[in-house]
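Input: a single structure, listed below in structure tokens.
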Amino acid sequence: MSLTFPDGQPFTSAATAYRYRPATERETVSRIILDVQIEGITTAAMVDTGGLYFLCNPRVATLLRLDTAEAMIGLRSILFRGVSIQGRLYRLNLTLFADEGDDFTFQTTAFVPEEREEESWGELPCVLGFHGCLERVRFAVDPQTEIFYFGSTSDSY
Amino acid sequence: MIKGLPTDLETFVRQEIVNGNYQSEEDLVAQAVRLLRDHESGKAAPQPASDEGMDQSVRTPDDIVSAIDQALARGEAELARHLAMEGAERYPNHDELQKCARVLAPPRVTHVGRVQTPSIRASRDWLKAHWKDYIGQWVAVRDGYLVHASPSFDELASHINDPQEMLVAKVH
């Protein structure tokens, strides 16, 4: 299933159903939540177009068994929902799963919190930010059918 | 600070920082305002002491790494990326700069096509069908079958030998 420009050229090439509900038990505002694969592990991630990078849930991150030698040197701090969280920046492979069309795999800048940040992170899933993550993905949302359409841009290869 | 500038001026600012002529956008803007102030008052513009005798063509890779760190600390992700990409191009043999550029580069598509195996698909279908029964719990699902569920991630993780191709998520 794809969306097209008026001239018939494809805008997106895939579509997937998303879950529209609060990302944690305590939240009251619904989020767009997608199934994604990060370095081979399937998990949930919420879309945050005002955010930076792919932010990995610190508990899920423990399963990735990342080598800190692959990260940029040094711990970084990000302000996440008013709380400063420490972690490292990696380049990871992220896949958006399609229900129709092609799955879409790209390298993303990923912020991986330190394991000790679990409490600060809370129960949130992973987060798909814009800069460094979705910025080379064309996407559109149909809130009526809760379908997330996506595809690549010409400069995303 | 440079958002809203014409593109040519924004490029000039970034290039000056990459070349080491200024430590930051603030540094450059401060100097520009000093020049404007002095111009308006008819005085000759003084040179900053830090520029005296300095070879502006030389900026070490470590300086650039430091500038990237500072940009990230200030939340200036675009500037950090720009410095990393320029630095990596200028110093192709500097491992840390190469790593910075690789990590901070714009996302790059590596594969368009089927990644989702029948096993993954079955696990996603399981979650769609059963999520209401496991709200508040971590679940691990493989091949469309629940491996384990627990409110405690640590407890769940103790039941996971190989997480590859497994669905692991907190259900809400």
Side-chain angles (χ1 to χ4, degrees), chain A residues 13-14 17 19 21-25 27 33 35 37 39-44 52-53 57 59-60 62-65 70-74 76-79 89-91 93-95 97-98 102-110 118 123-125 131-137 151-152 155-157, chain B residues 65-66 68-69 72-73 75-78 80-81 84 95-97 99-117 119-121 123-125 127-128 131-132 135-136 138-142 151-154 156-157 160 162-172:
Chain A
S13 56
R19 299 186 287 285
R21 52 181 189 252
T24 72
E25 287 177 272
E27 294 207 341
I33 300 173
D35 291 335
Q37 188 180 71
E39 293 291 329
I41 297 174
T42 300
T43 191
L52 276 178
Y53 309 141
N57 176 295
R59 295 176 178 91
V60 172
T62 61
L63 299 175
L64 300 178
R65 300 187 179 110
E70 294 297 315
M72 279 175 58
I73 288 177
R76 318 278 163 182
S77 293
I78 61 163
L79 195 61
L89 287 171
Y90 289 84
R91 189 76 166 172
N93 291 299
L94 176 69
T95 298
F97 287 133
D102 292 323
D103 300 327
F104 189 74
T105 303
F106 57 98
Q107 294 179 340
T108 181
T109 303
E118 286 179 0
E123 301 301 324
L124 282 169
H131 176 90
C133 185
L134 292 177
E135 69 177 292
R136 292 288 194 272
V137 180
S152 57
D155 61 350
S156 55
Y157 291 88
Chain B
V65 170
S66 176
I68 293 167
D69 287 343
L72 288 172
E76 295 186 49
E78 293 274 8
R81 173 188 287 171
D95 291 344
E96 187 55 24
L97 271 178
K99 188 188 288 179
C100 290
R102 188 172 64 84
V103 170
L104 297 177
R108 189 172 67 83
V109 175
T110 54
H111 182 70
V112 177
R114 195 49 63 186
V115 170
Q116 206 171 176
T117 61
S119 167
I120 294 171
R121 183 72 205 215
S123 296
R124 292 182 61 215
D125 288 344
L127 186 60
K128 280 178 191 165
W131 68 274
K132 285 182 180 171
I135 289 176
W138 282 92
V139 296
V141 186
R142 186 190 291 282
S152 160
F153 176 82
D154 291 339
L156 181 95
I160 298 174
D162 177 12
Q164 290 293 307
E165 292 234 343
M166 186 176 268
L167 185 157
V168 179
K170 181 85 184 272
V171 181
H172 297 292

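This one's a predicted model, so the numbers in the text were calculated from it and none came from an experiment.
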Quiz item: Does any heavy atom of chain B fall under 4.5 Å from the side chain of A/T43, the backbone, both, or neither of them?
Solution: both
Quiz prompt | Note, A/T105 side chain near A/L94 side chain (heavy atom, < 4.5 Å) | solution = no
Exercise. Check whether B/L167 gets within reach of chain A through its side chain, its backbone, both or neither, counting any heavy atom under 4.5 Å.
Key: both
Practice problem: Against chain A, label B/L156 side chain, backbone, both or neither, depending on which of its atoms sit under 4.5 Å from a heavy atom there. | Solution: neither
Exercise. Tell me yes or no: between the side chains of B/E165 and B/T117, is some donor less than 3.5 Å from an acceptor?
Key: yes
Quiz item: Under a 4.5 Å heavy-atom cut-off, does chain B meet the side chain of A/P22, its backbone, both or neither?
Solution: backbone
Practice problem: Report the option among A/E118, A/E25, A/R21 that has the most heavy-atom pairs separated by less than 4.5 Å from atoms of chain B. | Solution: A/R21
Quiz item: Any idea which of A/S77, A/S152, A/A23 has the most non-hydrogen atom pairs under 4.5 angstrom with chain B?
Solution: A/A23
Quiz item: Taking B/R142 for the side chain and B/Q164 for the main chain, is one N or O donor matched with an acceptor at less than 3.5 Å?
Solution: yes
Quiz item: Which heavy-atom pair separates A/A44 from A/P125 by the least distance, and what is that distance?
Solution: O-CB, 3.5 Å
Exercise. Give a yes-or-no answer on whether the side chains of B/R124 and B/Q116 include a donor-acceptor pair shorter than 3.5 Å.
Key: yes
Quiz item: What part of A/Q37 lies closer than 4.5 angstrom to a heavy atom of chain B: side chain, backbone, both or neither?
Solution: side chain
Quiz item: Does a side-chain N-to-carboxylate-O contact under 4.0 Å join A/E39 and A/R65?
Solution: no
Quiz item: In terms of heavy-atom pairs under 4.5 Å with chain A, which of B/G75, B/P107, B/A169 leads?
Solution: B/P107
Exercise. Apply the test side chain to side chain contact (heavy atoms under 4.5 Å, CB included) to residues B/F153 and A/L63: give CA-CA distance (whole Å), side-chain angles for both, the deciding distance (0.1 Å), then the verdict.
Key: CA-CA 11 Å; B/F153 176 82; A/L63 299 175; 3.9 Å; yes
Self-check item: Closest non-hydrogen atom pair between B/A140 and B/I160, with its separation
Solution: CB-CD1, 4.1 Å
Exercise. Go through the atoms of B/A105 and report whether side chain, backbone, both or neither lie under 4.5 Å from a heavy atom of chain A.
Key: both
Quiz item: So what's closer than 4.5 Å to chain B heavy atoms on A/A110: side chain, backbone, both or neither?
Solution: neither
Quiz item: Non-hydrogen atoms of chain B under 4.5 Å away: do they reach the side chain of A/R76, the backbone, both or neither?
Solution: side chain
Exercise. Would you mind telling me which of A/M72, A/E123, A/R136, A/E70 has the largest number of heavy-atom pairs within less than 4.5 Å of chain B?
Key: A/M72
Quiz item: Which atoms of B/E96 come close to chain A, meaning under 4.5 Å heavy atom to heavy atom: side chain ones, backbone ones, both, or neither?
Solution: side chain
Exercise. Kindly give the heavy-atom pair with the smallest separation between B/V115 and A/D103, and that separation in Å.
Key: N-OD2, 2.8 Å
Quiz item: Relative to chain B, which segment of A/L52 carries a heavy atom at a distance below 4.5 Å: side chain, backbone, both, or neither?
Solution: side chain
Self-check item: For chain B, the option from A/A98, A/G151, A/A17 that forms the most heavy-atom pairs under 4.5 Å
Solution: A/A98
Quiz item: Non-hydrogen atoms of chain B under 4.5 Å away: do they reach the side chain of A/F104, the backbone, both or neither?
Solution: both
Quiz prompt | Matching residue for B/K99 among B/V103, B/D95, B/L97 - test: side chain to side chain contact (heavy atoms under 4.5 Å, CB included) | solution = B/V103
